[in-house]
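Okay, structure first, notes after.
Nothing here was measured: the structure is a model prediction, and the numbers come from that model. Positions are given from 1, in the same order as the sequence printed here.
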Amino acid sequence: MPGRPATALAAAPSASIPMAYARTIAQAFRRRGLDPAAALEAAQITPPVFQDPGACISARQMELLSGAAMQALDDEALGAFSRRLPWGSYGMLARASITAPELGLALRRWCRHHALLTDDLRLHLELAGESARLDIEEGPAHRCLAPDARELSLVHLLRNVHGLACWFIDSRIPLQAVDLPFAAPAHDAAFAHMFPGPVHFGAPRAGLRFDARYLDLPLRRDEAALSQMLQRALPLTVLQYRRDRLLVQQVRQVLRAGGEAARSAGGIARALNLSARTLHRQLREEGALLQQLRDEVRCEQARELLWRSDRPVKQVAAAVGFRNEKSFIRAFRQWTGSAPAAFRAAASQLRT
């Protein structure tokens, strides 16, 4: 399970985890004949708040409660599987995957080894065009769990594998879709804080979809980092990673596609399931600025049009987003050191 590298986690609202999850964990204690009071007290969840159906707890409280329960029950599945997953099971899976050269192989190993622990949930990683899809196949016993227990189990596993993947490559992995095979619960607003992407309820099975390019990124962690992380390995099951090592490429892709989304920071942010403020902050963390990327894409497109077409400079200017020819000529000179006409002439000589 993933840990908390310095400055890598995005802050969540002070109380964003549904109390239904705490009650489900408490039920796991009671099924084993144990009293959850000490674990609830350690997480500072008072009886009146615990009984409030609309209450929420903080990420830190969920971390403390989950950790206490997993150790007391000696079960990292919190009673959701037909057999216990002893304390350290998910750490063992992480150790078996850490030596992979890139994320794709690491996730495939993790999914394969998870099947050695339980038949209740099986994970499959597949490619579908430019997207990667990680699905959970539920066994009959798991589908028959109480609704809250089934929900917590699926959400916990999806957050676990997504958080570990982010930690492995030290990058936020935005999600193109999160599918959940149950109706939207009363606390459906909480899912926006747990998953960085659109959530779809009532799906045939649980799963995540994301840009397949993340699978090619190299792992940035080693055994020493893993050992340190496993000392506190729960935060990323409820908090999202902040840094995104593919964000610059994704912004360029939106800009190249053009259209309404590329015309403003807000449009680009919406296309990437971010707020404009988050977009600017994450780009700064990657050492880039939106205007810089916009200029780079405009320059690439202008050079391509000047090189491969006979369109007048005025039309090239309009095609790359300039309102007048003079502004384009001035900007192109700043980008390349030559005027568009001179660049075209030089390109023409190279082709002959």
Side-chain angles (χ1 to χ4, degrees), residues 1-2 17-18 20-21 24-25 28 66 75-85 89-90 93-94 97 103-166 168 173-215 236-238 240-241 273:
M1 297 176 69
I17 309 300
Y21 291 176
T24 297
I25 292 173
S66 299
D75 184 3
E76 293 190 351
L78 295 170
F81 297 162
S82 53
R83 56 179 290 188
R84 286 186 303 107
L85 262 60
S89 295
Y90 281 114
L93 297 190
S97 304
L103 181 62
L105 180 57
L107 287 179
R108 288 184 176 89
R109 285 182 183 174
W110 200 94
C111 293
R112 184 171 66 252
H113 293 147
H114 192 274
L116 301 177
L117 299 179
T118 178
D119 289 328
D120 295 84
L121 296 178
R122 289 182 174 271
L123 293 97
H124 306 278
L125 180 65
E126 299 176 352
L127 292 178
E130 296 181 349
S131 296
R133 173 141 193 117
L134 192 144
D135 281 333
I136 297 179
E137 178 186 353
E138 291 184 85
H142 195 272
R143 287 196 297 270
C144 293
L145 288 175
D148 286 346
R150 182 187 181 216
E151 176 186 330
L152 175 58
S153 177
L154 292 172
V155 169
H156 173 71
L157 184 55
L158 289 175
R159 283 296 307 132
N160 189 339
V161 67
H162 179 251
L164 181 63
C166 293
F168 270 153
I173 302 177
L175 298 174
Q176 297 169 345
V178 180
D179 291 335
L180 297 169
F182 46 80
H187 50 261
D188 60 343
F191 287 84
H193 306 302
M194 292 188 284
F195 294 105
V199 177
H200 304 138
F201 297 98
R205 61 171 56 180
L208 307 173
R209 190 171 74 246
F210 55 93
D211 191 322
R213 289 177 294 180
Y214 286 98
L215 297 178
L236 277 179
T237 61
V238 288
Q240 297 178 16
Y241 227 80
N273 296 309

Exercise. Of the non-hydrogen atoms in Ala94 and Phe168, which two are nearest, and what is the gap between them?
Worked result: O-CZ, 4.0 Å
Problem set entry | Distance in Å, Asp120 CG paired with Arg143 CZ, rounded so as to fall on 0.5 Å steps | 10.5 Å
Exercise. Is any side-chain heavy atom of Pro174 less than 4.5 Å from a side-chain heavy atom of Tyr214?
Worked result: yes
Exercise. So how far is it from Leu208 CG to Ile173 CD1, rounded to the nearest 0.5 Å?
Worked result: 9.5 Å
For this session: State, to 0.1 Å, how close Asp135 and Gly207 come at their nearest heavy-atom pair, and which atoms those are.
Result: OD1-CA, 3.7 Å
Exercise. Within the side chain of Asn273, is there an N or O that forms a donor-acceptor pair under 3.5 Å with the backbone of Gly197?
Worked result: no
Exercise. Which atom names give the shortest non-hydrogen contact between Ala106 and Ser97, and what distance separates them?
Worked result: O-OG, 3.3 Å
Problem set entry | Shortest non-hydrogen contact between Leu175 and Val178, atoms and distance | CD1-CG2, 3.6 Å
Seminar exercise, completed: So CG of Leu180 and CZ of Phe201: to nearest 0.5 Å the spacing works out to 5.5 Å
For this session: Mind telling me whether His187 and Phe191 have parallel, tilted or perpendicular rings, with 30° and 60° as the class edges?
Result: parallel
Problem set entry | Check: Leu158 and Phe195 side chains under 4.5 Å, non-hydrogen atoms | yes
Seminar exercise, completed: Tightest non-hydrogen contact, residues His114 and Leu157, listed as NE2-CD1, 3.8 Å
Exercise. Does Asp179 reach the main-chain N or O of Ala206 with its side chain, forming a donor-acceptor pair under 3.5 Å?
Worked result: no
For this session: Measure from the side-chain N and O atoms of Arg159 to the backbone N and O of Met194, and report whether any donor-acceptor pair falls under 3.5 Å.
Result: yes
Problem set entry | For the student: nearest non-hydrogen atoms of Leu127 and Arg108, plus distance | CG-NH2, 4.4 Å
For this session: Apply side-chain contact (heavy atoms from CB on, under 4.5 Å) to the pair Ile25 and Ser66, showing each step before the final yes or no.
Result: CA-CA 7 Å; Ile25 292 173; Ser66 299; 3.9 Å; yes
Problem set entry | Spacing of CG belonging to Leu107 relative to NE2 belonging to His162, to within rounding of 0.5 Å | 10.0 Å
Exercise. Roughly how far, to the nearest 0.5 Å, is CZ of Arg150 from CG of Leu154?
Worked result: 6.0 Å
Problem set entry | Geometric class of the His142/Phe81 ring pair [parallel <30°, tilted 30-60°, perpendicular >60°] | tilted
Exercise. Can Trp110 and Leu123 be said to form a side-chain contact (heavy atoms from CB on, under 4.5 Å), step by step?
Worked result: CA-CA 9 Å; Trp110 200 94; Leu123 293 97; 4.0 Å; yes
Exercise. About how many Å separate CG of Asp119 and CD of Glu138, when rounded to the nearest 0.5 Å?
Worked result: 13.5 Å
Problem set entry | Sub-4.5 Å side-chain heavy-atom contact between Arg209 and His200 | no
Exercise. Regarding Thr24 and Asp148, is there a side-chain donor-to-acceptor distance under 3.5 Å anywhere?
Worked result: no
Exercise. Short question: side chain of His156, backbone of Leu152 - any donor-acceptor pair under 3.5 Å?
Worked result: no
For this session: Mark yes or no for whether Gln176, through its side chain, and Ser131, through its backbone, hold a donor-acceptor pair below 3.5 Å.
Result: no
